[in-house]
Amino acid sequence: MTQLPDTLEDAIAQAREATKAALADGYTRVQVDLLFPELKQMPVAEQFLPLFAEYESRLKVFFADAGGAALARRDWVDAAFQILDIGTGRAASIQSKIKPEDEIFLFVSPSAVEIPQLEKVCEIIGDRPLVMLNPRLEDSGTVGIGYAARQIRERFLNTIESCYYLRPVDENTAVFRCYPGQWEVLVQKGETWEKIAELPKKPSGDDIDYLLMQGQGQTSTEGTPMKKPSMLKSLQRFIKALSS
């Protein structure tokens with residue numbers, strides 16, 4: 001059983017291992033979510049890159065826009081791989097961004113605005129593996145609601161496997177998943193984190209509310225205490241250090 005991380009650095013290391021395991025098991029579209037509002041994506045992406053060291057120039061990294069790609073090219077001066085932007089409104093140029101020699105792809109924080117271009121890029125990539133790092137693809141204001149949104153989810157978003165997920169719901173509640181483990185809902189009780197539920201699918205907000213009201217998990221065993229009393233506070237301190 002994977003333990004909650006003590007720091008953001010530990011979480012990124014766990015995410016790399018979970019991603020490696022999911023890719024090894026045959027998943028070709030995987031997603032990593034570290035959901036902290038203060039998080040700066042560039043330092044996180046830089047710490048995530050060792051996962052792809054063996055690929056060198058066969059890795060291609062995409063940022064949501066030209067500005068993000070330019071900053072990465074400036075900061076990652078020794079990068080052996082190409083750094084591009086997904087772009088918007090330039091459908092004719094998308095095909096040229098994917099080369100036959102590209103073997104694996106990393107997308108850093110694409111948003112719902114880029115979904116049309118992102119979907120086209122992924123179609124061109126085909127069965128080659130790709131990783132979405134901290135994507136923001138579920139903005140209902142952009143994706144929409146109802147039938148249109150359901151089509152996008154069924155056609156594209158639901159094809160992506162969430163292999164690592166860490167989100168503080170509040171100061172005392174967290175949702176966690178580290179592939180190949182299941183989804184966990186944890187609450188802080190005194191000096192420990194207690195797992196109150198283990199689920200095969202990502203819990204919705206209503207699911208979490210129900211579990212908290214019930215005060216017990218949907219597992220066949222009692223909640224499991226986890227000695228991580230300061231996990232969320234440690235992560236927040238680490239994030240502030242990255243931001244300074």
Residues that R58 engages under salt bridge (charged side-chain N to carboxylate O under 4.0 Å, His left out), provided they are two or more places apart: E103
Straight-line distance of L199 CG to R177 CZ, nearest 0.5 Å: 11.5 Å
Partner residues of E119 under the salt bridge (charged side-chain N to carboxylate O under 4.0 Å, His left out) criterion, sequence neighbours left out: R155
Value rounded to 0.5 Å, distance of OG1 in T173 from CG in D170: 3.5 Å
Sequence-distant partners of Y165, side chain to side chain donor-acceptor pair (under 3.5 Å), two or more places apart: R167
Approximate separation, where rounding is to 0.5 Å, of F62 CZ and L84 CG: 5.0 Å
Main-chain N/O of T28 paired to R128 side chain as donor or acceptor, under 3.5 Å: no
Flag, side chain of Q182 to backbone of K202, donor-acceptor distance under 3.5 Å: no
Could you tabulate the donor-acceptor pairs under 3.5 Å formed by side-chain atoms of residues 19-27, not counting sequence neighbours?
{"unit_1": "T19", "atom_1": "OG1", "unit_2": "A15", "atom_2": "O", "d": "2.7"}
{"unit_1": "D25", "atom_1": "OD2", "unit_2": "Y179", "atom_2": "OH", "d": "2.6"}

Non-neighbouring partners of S111 that pass side-chain contact (heavy atoms from CB on, under 4.5 Å), sequence neighbours left out: V113, E114, R136
Partner set under side-chain contact (heavy atoms from CB on, under 4.5 Å) for D65, not counting sequence neighbours: none
L137 CG to M132 CE distance, which is reported to the nearest 0.5 Å: 6.5 Å
Heavy-atom pair of closest approach, residues I86 and K97: O-NZ, 3.4 Å
Taking every non-hydrogen atom, the tightest pair across I124 and I98: CG2-CB, 3.7 Å
Sequence neighbours excluded, every pair satisfying salt bridge (Lys or Arg N to Asp or Glu O under 4.0 Å) that has a member inside residues 26-36: none
Spatial distance of atom CG (L49) from atom CG (L59) [nearest 0.5 Å]: 7.0 Å
Flag, side chain of D209 to backbone of D206, donor-acceptor distance under 3.5 Å: no
Whether N134 side chain and S109 backbone form a donor-acceptor pair below 3.5 Å: no
Which residues share a side chain to side chain donor-acceptor pair (under 3.5 Å) with S162, sequence neighbours left out: none
Contacts of type side-chain contact (heavy atoms from CB on, under 4.5 Å), residue A69, not counting sequence neighbours: F63, R73, I83, D85
Aromatic contact, F176 with Y164 (centres under 6.0 Å): yes
Reported CD-to-CD distance for the pair E123 and Q95, which is rounded to 0.5 angstrom: 10.5 Å
Which residues share a salt bridge (charged side-chain N to carboxylate O under 4.0 Å, His left out) with D102, sequence neighbours left out: K60
Chi angles and distances behind the side chain to side chain contact (heavy atoms under 4.5 Å, CB included) call for L130, I104: CA-CA 6 Å; L130 61 89; I104 194 166; over 6 Å; no
